[in-house]
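The structure under discussion appears below in the form of C-alpha coordinates.
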Amino acid sequence: MENRNRQVLLKRRPTGAPTAADFAIADAPLPDPAEGEVLVRGIYLSLDPYMRGRISGQRSYSRPVDVGAVIEGRVVGEVMRSRDLGFRAGDYVLGGFGWQLYSAVPGQSLLKLDPATAPLSTALGVLGMPGLTAFVGLDEIGKPQRGETVVVSAASGAVGAVVGQLAKRAGARVVGIAGGADKCRWVEAELGFETCIDHRSADLGAALDRACPKGIDVYWENVGGPVQQAVFPRLNDFARMVMCGMVAEYNDVEPRPGPNLMSAVRKRIKIQGFIVSDRWQRFAEYRAMAATLLRSGELKYREDFVEGLDRAPEAFIGLLQGRNFGKLVVKLGDDPTRRV
Ligand SMILES: NC(=O)c1ccc[n+]([C@@H]2O[C@H](COP(=O)([O-])OP(=O)(O)OC[C@H]3O[C@@H](n4cnc5c(N)ncnc54)[C@H](OP(=O)(O)O)[C@@H]3O)[C@@H](O)[C@H]2O)c1
(Lines give C-alpha, C1' and ligand atoms only; values in the text may rest on other atoms or scores of the structure.)
Protein backbone atom coordinates (compact mmCIF):
# COMPACT_ATOMS: atom_id res chain seq x y z
CA MET A 1 0.00 0.00 0.00
CA GLU A 2 1.24 3.49 -0.87
CA ASN A 3 1.65 5.88 2.03
CA ARG A 4 0.16 8.85 0.13
CA ASN A 5 -3.21 9.38 -1.47
CA ARG A 6 -3.70 10.92 -4.94
CA GLN A 7 -6.79 12.81 -6.02
CA VAL A 8 -8.33 14.60 -9.01
CA LEU A 9 -9.94 17.87 -7.93
CA LEU A 10 -12.29 20.24 -9.72
CA LYS A 11 -10.06 23.28 -10.32
CA ARG A 12 -12.72 25.44 -11.96
CA ARG A 13 -16.12 24.96 -13.53
CA PRO A 14 -15.82 24.29 -17.28
CA THR A 15 -17.55 26.50 -19.80
CA GLY A 16 -18.51 24.43 -22.83
CA ALA A 17 -16.38 21.33 -23.36
CA PRO A 18 -14.18 20.59 -20.31
CA THR A 19 -10.40 20.85 -20.78
CA ALA A 20 -7.48 19.45 -18.79
CA ALA A 21 -7.06 22.88 -17.16
CA ASP A 22 -10.41 22.44 -15.37
CA PHE A 23 -8.93 19.60 -13.29
CA ALA A 24 -6.05 19.47 -10.80
CA ILE A 25 -4.16 16.38 -9.69
CA ALA A 26 -2.84 16.49 -6.14
CA ASP A 27 -1.18 14.26 -3.57
CA ALA A 28 -2.80 14.09 -0.13
CA PRO A 29 -2.21 12.27 3.15
CA LEU A 30 -3.57 8.75 3.42
CA PRO A 31 -7.00 8.99 5.10
CA ASP A 32 -7.44 7.45 8.54
CA PRO A 33 -10.71 5.56 9.06
CA ALA A 34 -12.80 6.65 12.07
CA GLU A 35 -14.98 4.26 14.10
CA GLY A 36 -17.52 2.67 11.70
CA GLU A 37 -15.37 3.47 8.65
CA VAL A 38 -13.15 1.42 6.37
CA LEU A 39 -10.04 2.38 4.41
CA VAL A 40 -10.54 1.39 0.78
CA ARG A 41 -7.97 1.16 -2.01
CA GLY A 42 -9.56 1.97 -5.36
CA ILE A 43 -9.23 -0.59 -8.16
CA TYR A 44 -11.70 0.63 -10.80
CA LEU A 45 -13.22 4.11 -11.17
CA SER A 46 -16.35 4.61 -13.25
CA LEU A 47 -16.53 7.61 -15.60
CA ASP A 48 -20.09 8.56 -16.48
CA PRO A 49 -21.69 11.33 -18.56
CA TYR A 50 -23.75 12.59 -15.57
CA MET A 51 -20.53 13.94 -14.02
CA ARG A 52 -20.58 16.77 -16.60
CA GLY A 53 -23.68 18.09 -14.83
CA ARG A 54 -22.12 17.68 -11.40
CA ILE A 55 -19.10 19.86 -12.25
CA SER A 56 -21.20 22.56 -13.94
CA GLY A 57 -22.69 24.04 -10.79
CA GLN A 58 -26.21 23.99 -12.28
CA ARG A 59 -29.13 23.30 -9.95
CA SER A 60 -30.15 19.71 -10.57
CA TYR A 61 -31.50 16.60 -8.87
CA SER A 62 -28.21 16.35 -6.98
CA ARG A 63 -25.69 18.71 -5.36
CA PRO A 64 -22.82 19.85 -7.61
CA VAL A 65 -19.18 19.11 -6.79
CA ASP A 66 -17.59 22.13 -5.08
CA VAL A 67 -14.63 23.82 -6.73
CA GLY A 68 -11.50 22.43 -5.04
CA ALA A 69 -13.23 19.18 -4.04
CA VAL A 70 -12.55 15.62 -5.20
CA ILE A 71 -14.73 14.80 -8.23
CA GLU A 72 -17.39 12.30 -7.32
CA GLY A 73 -17.66 8.87 -8.88
CA ARG A 74 -18.35 5.22 -8.18
CA VAL A 75 -15.39 3.01 -7.38
CA VAL A 76 -14.79 -0.70 -6.90
CA GLY A 77 -12.09 -1.22 -4.31
CA GLU A 78 -10.45 -3.44 -1.75
CA VAL A 79 -10.78 -2.93 2.00
CA MET A 80 -7.31 -2.33 3.47
CA ARG A 81 -8.31 -1.65 7.07
CA SER A 82 -11.70 -1.85 8.74
CA ARG A 83 -13.24 -0.20 11.78
CA ASP A 84 -16.67 -1.56 10.86
CA LEU A 85 -17.53 -5.05 12.09
CA GLY A 86 -19.27 -5.86 8.79
CA PHE A 87 -16.01 -5.66 6.76
CA ARG A 88 -12.49 -7.02 6.92
CA ALA A 89 -9.28 -6.41 5.03
CA GLY A 90 -9.43 -8.12 1.64
CA ASP A 91 -13.17 -7.59 1.10
CA TYR A 92 -14.16 -6.10 -2.28
CA VAL A 93 -16.67 -3.28 -2.22
CA LEU A 94 -18.58 -0.81 -4.39
CA GLY A 95 -19.04 2.75 -3.19
CA GLY A 96 -18.94 6.42 -4.14
CA PHE A 97 -15.36 7.32 -3.19
CA GLY A 98 -14.67 9.76 -6.02
CA TRP A 99 -11.63 10.28 -8.24
CA GLN A 100 -8.92 9.23 -5.79
CA LEU A 101 -6.77 6.23 -4.94
CA TYR A 102 -7.77 5.82 -1.28
CA SER A 103 -10.77 6.75 0.77
CA ALA A 104 -12.05 6.33 4.32
CA VAL A 105 -15.80 5.79 4.13
CA PRO A 106 -18.63 4.60 6.39
CA GLY A 107 -19.07 0.83 6.05
CA GLN A 108 -22.82 1.33 5.75
CA SER A 109 -22.36 3.23 2.45
CA LEU A 110 -20.71 0.19 0.80
CA LEU A 111 -21.98 -2.81 -1.12
CA LYS A 112 -19.86 -5.95 -0.67
CA LEU A 113 -18.95 -7.65 -3.95
CA ASP A 114 -18.28 -11.34 -4.52
CA PRO A 115 -15.65 -11.71 -7.28
CA ALA A 116 -17.02 -15.21 -8.00
CA THR A 117 -20.26 -13.65 -9.30
CA ALA A 118 -18.66 -11.70 -12.15
CA PRO A 119 -15.49 -9.67 -12.82
CA LEU A 120 -15.33 -6.85 -10.25
CA SER A 121 -15.38 -4.07 -12.85
CA THR A 122 -18.85 -5.14 -14.05
CA ALA A 123 -20.28 -3.64 -10.84
CA LEU A 124 -19.70 -0.25 -12.53
CA GLY A 125 -21.36 -1.13 -15.84
CA VAL A 126 -23.48 -4.06 -16.92
CA LEU A 127 -24.14 -5.16 -13.31
CA GLY A 128 -24.10 -1.63 -11.93
CA MET A 129 -25.82 1.73 -12.23
CA PRO A 130 -25.90 1.80 -16.08
CA GLY A 131 -27.43 -1.69 -16.23
CA LEU A 132 -30.05 -0.79 -13.65
CA THR A 133 -30.82 2.35 -15.67
CA ALA A 134 -31.57 0.26 -18.75
CA PHE A 135 -33.68 -2.18 -16.77
CA VAL A 136 -35.93 0.31 -14.97
CA GLY A 137 -36.32 2.63 -17.95
CA LEU A 138 -37.48 -0.21 -20.18
CA ASP A 139 -39.57 -1.97 -17.58
CA GLU A 140 -41.36 1.13 -16.30
CA ILE A 141 -41.48 3.49 -19.30
CA GLY A 142 -40.48 1.89 -22.62
CA LYS A 143 -42.41 -1.36 -22.10
CA PRO A 144 -41.40 -2.87 -25.47
CA GLN A 145 -43.87 -5.38 -26.90
CA ARG A 146 -43.23 -8.36 -29.16
CA GLY A 147 -42.79 -7.21 -32.77
CA GLU A 148 -42.41 -3.51 -31.92
CA THR A 149 -39.47 -1.48 -33.21
CA VAL A 150 -37.13 -0.08 -30.55
CA VAL A 151 -34.42 2.43 -31.47
CA VAL A 152 -31.51 2.94 -29.06
CA SER A 153 -28.93 5.73 -29.35
CA ALA A 154 -25.36 5.37 -27.98
CA ALA A 155 -26.08 1.69 -28.62
CA SER A 156 -22.60 0.36 -27.87
CA GLY A 157 -22.36 2.25 -24.58
CA ALA A 158 -22.87 1.11 -21.01
CA VAL A 159 -26.62 1.84 -20.92
CA GLY A 160 -27.47 1.39 -24.61
CA ALA A 161 -25.99 -2.11 -24.94
CA VAL A 162 -28.15 -3.39 -22.07
CA VAL A 163 -31.28 -1.57 -23.31
CA GLY A 164 -31.09 -3.20 -26.72
CA GLN A 165 -30.41 -6.69 -25.37
CA LEU A 166 -33.28 -6.51 -22.87
CA ALA A 167 -35.63 -5.16 -25.57
CA LYS A 168 -34.65 -8.06 -27.82
CA ARG A 169 -35.43 -10.49 -25.00
CA ALA A 170 -38.88 -8.89 -24.85
CA GLY A 171 -39.35 -9.82 -28.52
CA ALA A 172 -38.82 -6.37 -30.03
CA ARG A 173 -36.93 -5.57 -33.22
CA VAL A 174 -33.98 -3.46 -32.10
CA VAL A 175 -32.17 -0.84 -34.16
CA GLY A 176 -29.05 0.80 -32.74
CA ILE A 177 -27.52 4.17 -33.48
CA ALA A 178 -23.80 4.57 -32.73
CA GLY A 179 -20.80 6.65 -33.73
CA GLY A 180 -18.57 4.92 -36.26
CA ALA A 181 -18.29 1.69 -38.23
CA ASP A 182 -16.46 -0.27 -35.49
CA LYS A 183 -19.13 0.40 -32.90
CA CYS A 184 -21.91 -0.43 -35.39
CA ARG A 185 -20.23 -3.68 -36.40
CA TRP A 186 -19.97 -4.74 -32.76
CA VAL A 187 -23.58 -3.80 -32.01
CA GLU A 188 -24.79 -5.97 -34.90
CA ALA A 189 -22.37 -8.90 -34.62
CA GLU A 190 -21.94 -9.18 -30.87
CA LEU A 191 -25.15 -7.76 -29.42
CA GLY A 192 -27.30 -9.11 -32.26
CA PHE A 193 -29.29 -5.93 -32.97
CA GLU A 194 -31.22 -6.05 -36.26
CA THR A 195 -29.05 -3.26 -37.62
CA CYS A 196 -27.01 -0.29 -36.41
CA ILE A 197 -26.85 3.14 -38.01
CA ASP A 198 -23.69 5.26 -37.89
CA HIS A 199 -24.90 8.74 -36.94
CA ARG A 200 -21.64 10.30 -38.10
CA SER A 201 -21.64 9.18 -41.70
CA ALA A 202 -25.15 8.23 -42.70
CA ASP A 203 -28.04 10.40 -43.86
CA LEU A 204 -29.73 9.60 -40.59
CA GLY A 205 -33.32 10.22 -41.71
CA ALA A 206 -33.05 8.01 -44.80
CA ALA A 207 -31.17 5.32 -42.84
CA LEU A 208 -33.91 5.30 -40.17
CA ASP A 209 -36.58 4.98 -42.87
CA ARG A 210 -34.79 1.93 -44.27
CA ALA A 211 -34.15 0.37 -40.85
CA CYS A 212 -37.63 1.06 -39.44
CA PRO A 213 -40.13 0.53 -42.29
CA LYS A 214 -43.00 0.35 -39.78
CA GLY A 215 -41.89 3.45 -37.83
CA ILE A 216 -40.55 3.59 -34.26
CA ASP A 217 -42.51 2.41 -31.20
CA VAL A 218 -39.91 3.02 -28.51
CA TYR A 219 -37.04 5.49 -28.70
CA TRP A 220 -34.39 5.24 -26.00
CA GLU A 221 -32.88 8.72 -25.82
CA ASN A 222 -29.23 8.81 -24.74
CA VAL A 223 -27.84 11.60 -26.90
CA GLY A 224 -30.28 14.33 -28.07
CA GLY A 225 -28.97 16.68 -30.79
CA PRO A 226 -29.34 15.74 -34.47
CA VAL A 227 -30.14 12.10 -33.59
CA GLN A 228 -33.23 13.19 -31.66
CA GLN A 229 -34.26 15.50 -34.51
CA ALA A 230 -34.13 12.58 -36.96
CA VAL A 231 -35.96 10.12 -34.71
CA PHE A 232 -38.78 12.32 -33.41
CA PRO A 233 -40.83 12.69 -36.64
CA ARG A 234 -40.60 8.91 -37.17
CA LEU A 235 -42.29 7.95 -33.89
CA ASN A 236 -45.52 5.96 -34.27
CA ASP A 237 -48.89 6.53 -32.64
CA PHE A 238 -48.63 5.62 -28.95
CA ALA A 239 -44.81 5.58 -29.09
CA ARG A 240 -42.80 5.87 -25.87
CA MET A 241 -39.76 8.12 -25.72
CA VAL A 242 -37.60 7.15 -22.76
CA MET A 243 -35.66 10.26 -21.76
CA CYS A 244 -32.51 8.81 -20.23
CA GLY A 245 -29.97 11.47 -21.20
CA MET A 246 -28.82 13.86 -23.95
CA VAL A 247 -25.03 13.55 -23.79
CA ALA A 248 -24.46 15.32 -27.13
CA GLU A 249 -25.79 18.50 -25.49
CA TYR A 250 -24.07 18.34 -22.08
CA ASN A 251 -21.30 20.75 -23.13
CA ASP A 252 -23.74 23.29 -24.59
CA VAL A 253 -23.61 26.73 -23.01
CA GLU A 254 -27.17 27.56 -24.16
CA PRO A 255 -29.94 24.91 -24.33
CA ARG A 256 -30.92 23.94 -27.89
CA PRO A 257 -34.52 24.35 -29.08
CA GLY A 258 -36.49 21.10 -28.80
CA PRO A 259 -38.85 19.50 -31.33
CA ASN A 260 -42.35 20.92 -31.77
CA LEU A 261 -44.55 18.88 -29.44
CA MET A 262 -47.87 19.08 -31.32
CA SER A 263 -47.23 15.64 -32.82
CA ALA A 264 -46.99 14.26 -29.26
CA VAL A 265 -50.66 15.20 -28.94
CA ARG A 266 -51.73 13.94 -32.36
CA LYS A 267 -49.80 10.67 -32.01
CA ARG A 268 -50.49 10.25 -28.25
CA ILE A 269 -46.73 9.91 -27.62
CA LYS A 270 -45.49 9.39 -24.07
CA ILE A 271 -42.27 11.27 -23.30
CA GLN A 272 -40.95 10.51 -19.85
CA GLY A 273 -37.67 11.24 -18.12
CA PHE A 274 -36.32 9.33 -15.15
CA ILE A 275 -33.32 9.25 -12.82
CA VAL A 276 -32.00 5.85 -11.81
CA SER A 277 -31.21 6.91 -8.24
CA ASP A 278 -34.98 7.08 -7.60
CA ARG A 279 -35.08 3.34 -8.26
CA TRP A 280 -32.17 1.94 -6.19
CA GLN A 281 -34.65 -0.34 -4.46
CA ARG A 282 -34.65 -2.44 -7.66
CA PHE A 283 -30.85 -2.88 -7.72
CA ALA A 284 -30.76 -6.32 -6.05
CA GLU A 285 -33.55 -7.57 -8.35
CA TYR A 286 -31.67 -6.35 -11.42
CA ARG A 287 -28.28 -7.68 -10.30
CA ALA A 288 -29.67 -11.14 -9.63
CA MET A 289 -31.37 -11.29 -13.05
CA ALA A 290 -28.46 -9.79 -15.00
CA ALA A 291 -25.74 -11.86 -13.27
CA THR A 292 -27.55 -15.04 -14.37
CA LEU A 293 -27.74 -13.79 -17.97
CA LEU A 294 -24.09 -12.76 -17.85
CA ARG A 295 -22.94 -16.19 -16.70
CA SER A 296 -24.97 -17.95 -19.39
CA GLY A 297 -23.54 -15.63 -22.05
CA GLU A 298 -26.97 -14.17 -22.90
CA LEU A 299 -26.01 -10.68 -21.77
CA LYS A 300 -22.92 -9.28 -23.49
CA TYR A 301 -20.91 -6.25 -22.49
CA ARG A 302 -17.81 -4.36 -23.41
CA GLU A 303 -15.48 -2.31 -21.21
CA ASP A 304 -13.04 0.38 -22.22
CA PHE A 305 -10.18 0.53 -19.70
CA VAL A 306 -7.92 3.53 -19.20
CA GLU A 307 -4.79 3.00 -17.07
CA GLY A 308 -4.13 5.28 -14.11
CA LEU A 309 -5.95 7.99 -12.15
CA ASP A 310 -3.98 10.78 -13.85
CA ARG A 311 -5.63 9.91 -17.16
CA ALA A 312 -9.17 10.29 -15.79
CA PRO A 313 -9.69 13.91 -16.94
CA GLU A 314 -8.59 13.18 -20.51
CA ALA A 315 -10.78 10.04 -20.64
CA PHE A 316 -13.77 11.95 -19.28
CA ILE A 317 -13.32 14.70 -21.89
CA GLY A 318 -13.30 11.93 -24.54
CA LEU A 319 -16.47 10.34 -23.17
CA LEU A 320 -18.36 13.53 -24.00
CA GLN A 321 -17.13 13.28 -27.60
CA GLY A 322 -17.87 9.57 -28.08
CA ARG A 323 -14.22 8.42 -27.89
CA ASN A 324 -15.02 5.52 -25.51
CA PHE A 325 -16.09 2.15 -26.91
CA GLY A 326 -18.06 0.39 -24.16
CA LYS A 327 -18.31 1.16 -20.45
CA LEU A 328 -15.52 3.61 -19.60
CA VAL A 329 -13.50 2.53 -16.55
CA VAL A 330 -10.24 3.90 -15.14
CA LYS A 331 -7.98 1.25 -13.65
CA LEU A 332 -6.65 2.77 -10.44
CA GLY A 333 -4.68 -0.17 -9.12
CA ASP A 334 -4.06 -3.89 -9.12
CA ASP A 335 -7.08 -6.21 -9.31
CA PRO A 336 -5.91 -9.37 -7.51
CA THR A 337 -8.93 -11.30 -8.86
CA ARG A 338 -8.10 -10.63 -12.50
CA ARG A 339 -4.43 -10.75 -13.36
CA VAL A 340 -3.83 -10.88 -17.12
N1 LIG B 1 -31.34 8.95 -16.37
C2 LIG B 1 -30.44 8.28 -15.68
O3 LIG B 1 -30.63 7.94 -14.51
C4 LIG B 1 -29.15 7.88 -16.35
C5 LIG B 1 -28.27 6.96 -15.76
C6 LIG B 1 -27.11 6.59 -16.46
C7 LIG B 1 -26.83 7.17 -17.71
N8 LIG B 1 -27.69 8.09 -18.21
C9 LIG B 1 -27.47 8.69 -19.54
O10 LIG B 1 -27.39 7.63 -20.48
C11 LIG B 1 -26.60 8.05 -21.59
C12 LIG B 1 -25.54 6.99 -21.88
O13 LIG B 1 -24.68 6.91 -20.75
P14 LIG B 1 -23.57 5.76 -20.67
O15 LIG B 1 -23.03 5.79 -19.30
O16 LIG B 1 -24.11 4.53 -21.21
O17 LIG B 1 -22.44 6.34 -21.62
P18 LIG B 1 -21.82 5.63 -22.91
O19 LIG B 1 -22.93 5.40 -23.87
O20 LIG B 1 -21.02 4.47 -22.48
O21 LIG B 1 -20.86 6.74 -23.46
C22 LIG B 1 -21.36 7.93 -23.97
C23 LIG B 1 -21.65 7.79 -25.47
O24 LIG B 1 -22.46 8.86 -25.87
C25 LIG B 1 -22.23 9.13 -27.23
N26 LIG B 1 -21.87 10.54 -27.42
C27 LIG B 1 -21.01 11.26 -26.67
N28 LIG B 1 -20.91 12.50 -27.16
C29 LIG B 1 -21.72 12.54 -28.23
C30 LIG B 1 -22.04 13.54 -29.15
N31 LIG B 1 -21.49 14.77 -29.05
N32 LIG B 1 -22.93 13.24 -30.14
C33 LIG B 1 -23.49 12.01 -30.22
N34 LIG B 1 -23.19 11.01 -29.38
C35 LIG B 1 -22.33 11.29 -28.39
C36 LIG B 1 -21.04 8.27 -27.68
O37 LIG B 1 -21.55 7.13 -28.33
P38 LIG B 1 -21.60 7.09 -29.94
O39 LIG B 1 -20.21 7.32 -30.41
O40 LIG B 1 -22.11 5.74 -30.22
O41 LIG B 1 -22.57 8.17 -30.33
C42 LIG B 1 -20.43 7.88 -26.35
O43 LIG B 1 -19.70 6.68 -26.47
C44 LIG B 1 -26.05 9.41 -21.21
O45 LIG B 1 -26.89 10.42 -21.77
C46 LIG B 1 -26.18 9.45 -19.70
O47 LIG B 1 -26.23 10.75 -19.17
C48 LIG B 1 -28.84 8.44 -17.55
Side-chain angles (χ1 to χ4, degrees), residues 16-18 45-56 60-62 73-74 121 124-126 128-142 151-166 175-188 191 193 196-202 204 219-231 241-252 256 271-280 282-283 286 301-306 315-330:
L45 163 69
S46 178
L47 296 184
D48 298 272
Y50 78 85
M51 293 164 175
R52 178 64 186 85
R54 291 287 203 287
I55 61 176
S56 74
S60 181
Y61 54 91
S62 188
R74 271 191 189 72
S121 55
L124 301 175
V126 63
M129 180 279 281
L132 177 65
T133 302
F135 174 65
V136 296
L138 268 189
D139 191 52
E140 299 178 11
I141 305 171
V151 171
V152 188
S153 52
S156 71
V159 174
V162 180
V163 170
Q165 292 181 88
L166 294 183
V175 172
I177 301 176
D182 285 351
K183 289 185 181 180
C184 282
R185 244 190 316 273
W186 183 77
V187 165
E188 290 174 1
L191 302 184
F193 291 15
C196 183
I197 300 168
D198 178 357
H199 66 82
R200 292 224 195 93
S201 68
L204 203 47
Y219 174 50
W220 185 282
E221 176 61 291
N222 276 335
V223 300
V227 173
Q228 185 188 88
Q229 283 172 25
V231 168
M241 187 160 166
V242 187
M243 296 302 300
C244 177
M246 295 194 0
V247 61
E249 305 190 19
Y250 290 174
N251 286 333
D252 288 0
R256 298 181 204 182
I271 304 172
Q272 187 177 332
F274 74 108
I275 296 296
V276 65
S277 49
D278 293 333
R279 309 301 291 144
W280 278 128
R282 300 197 70 185
F283 195 36
Y286 171 69
Y301 67 99
R302 181 179 175 117
E303 296 170 317
D304 188 343
F305 289 105
V306 170
F316 178 66
I317 292 165
L319 175 72
L320 300 168
Q321 299 163 354
R323 268 194 260 137
N324 63 304
F325 185 175
K327 169 65 205 151
L328 186 57
V329 175
V330 179

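One-based numbering, in listed order, for ligands and for the atoms of each. Everything numeric here is computed off the predicted structure, so don't read it as measured data.
Residue contacts with ligand 1: M243 is placed with no nitrogen or oxygen under 3.5 Å of a nitrogen or oxygen of the ligand (distance criterion only). Checking only distances, A155 never comes within under 3.5 Å of ligand 1, N or O to N or O. Considering backbone and side-chain atoms together, N324 places an N or O closer than 3.5 Å to an N or O of ligand 1. Among the atoms of N222, some N or O lies under 3.5 angstrom from an N or O of ligand 1. No N or O atom of T133 sits closer than 3.5 Å to an N or O atom of ligand 1. On a distance-only criterion, I275 and ligand 1 share no N/O pair closer than 3.5 Å. Geometrically, ligand 1 and P130 share no nitrogen or oxygen pair separated by less than 3.5 Å.
Side-chain contact between V175 and F193 is absent, with no heavy atoms from C-beta onward closer than 4.5 Å. Using a 4.5 Å cut-off on side-chain heavy atoms (C-beta onward), W220 and V159 make contact. Two residues are said to be in side-chain contact when any heavy atoms from C-beta on lie closer than 4.5 Å; V247 and E249 fail this criterion. Side chains of P130 and V162 form no contact here, defined as non-hydrogen atoms less than 4.5 Å apart. You'll find the side chain of K327 reaches within 4.5 Å of the side chain of S46, heavy atoms only. Residues R256 and P226 have side chains in contact (heavy-atom distance under 4.5 Å, counting atoms from C-beta outward). The side-chain heavy atoms of Y50 and S62, taken from C-beta on, include no pair separated by under 4.5 Å. Looking at heavy atoms from C-beta onward, D139 lies in side-chain contact with R282 at the 4.5 angstrom threshold.
In this structure, the separation between CD on Q229 and CG on L204 is 10.0 Å, given to the nearest 0.5 Å. To the nearest 0.5 Å, atoms CD (E140) and CZ (F274) are separated by 8.5 Å. Between the CD1 atom of I141 and the CD1 atom of I271 there is a distance of 12.0 Å, given to the nearest 0.5 Å. Rounding to the nearest 0.5 Å places CE of M246 at 11.5 Å from CG of N222.
Less than 4.0 angstrom separates some heavy atom of M246 from each of these atoms of ligand 1: 45 (O). Each of the following atoms of ligand 1 lies closer than 4.0 Å to a heavy atom of A178: 40 (O). The F274 neighbourhood of ligand 1 comprises atoms 1 (N), 2 (C), 3 (O), with distances under 4.0 Å to a heavy atom of that residue. Applying the 4.0 Å criterion to heavy atoms of G245 picks out, from ligand 1, the atoms 45 (O).
The nearest heavy-atom contact from the protein to atom 13 (O) of ligand 1 is P49 CG, 3.6 Å. Among protein heavy atoms, the minimum distance from atom 3 (O) of ligand 1 is reached at V276 N, 2.7 Å. For atom 16 (O) of ligand 1, the closest non-hydrogen atom of the protein is V159 N, 2.8 Å. Atom 40 (O) of ligand 1 has G179 N, 2.8 Å as its closest protein atom, hydrogens excluded (heavy atom only). The protein heavy atom nearest to atom 19 (O) of ligand 1 is G157 CA, 3.3 Å. Considering only non-hydrogen protein atoms, atom 33 (C) of ligand 1 sits nearest to H199 CE1, 3.6 Å. With respect to atom 20 (O) of ligand 1, the closest heavy atom belonging to the protein is A158 N, 3.0 Å. The shortest contact between atom 48 (C) of ligand 1 and any protein heavy atom is with C244 O, 3.0 Å.
Residue contacts with ligand 1, taken as heavy atom pairs separated by less than 4.0 Å, involve L320 solely via the backbone atoms N, CA, C and O. Residue-level proximity to ligand 1 for V223 is carried by the side chain, the only part with a heavy atom below 4.0 angstrom.
The nearest non-hydrogen atom to atom 24 (O) of ligand 1, considering only L132, V247, D304, comes from V247. With L319, L124, L47 as candidates, the residue nearest to atom 22 (C) of ligand 1 on a non-hydrogen basis is L319. In the candidate list Y61, Y250, W220, Y250 is nearest to atom 47 (O) of ligand 1, counting heavy atoms. The nearest non-hydrogen atom to atom 39 (O) of ligand 1, considering only K183, E249, M129, comes from K183.
Using bins of under 30°, 30° to 60° and over 60° for the plane-to-plane angle, the ring pair F135/Y286 lands in the tilted bin.
Between the side chain of K183 and the backbone N or O of A154 there is no donor-acceptor pair closer than 3.5 Å.
Contact between A315 and V306 at its shortest, heavy atoms only, is CB-CG2, 3.9 Å.
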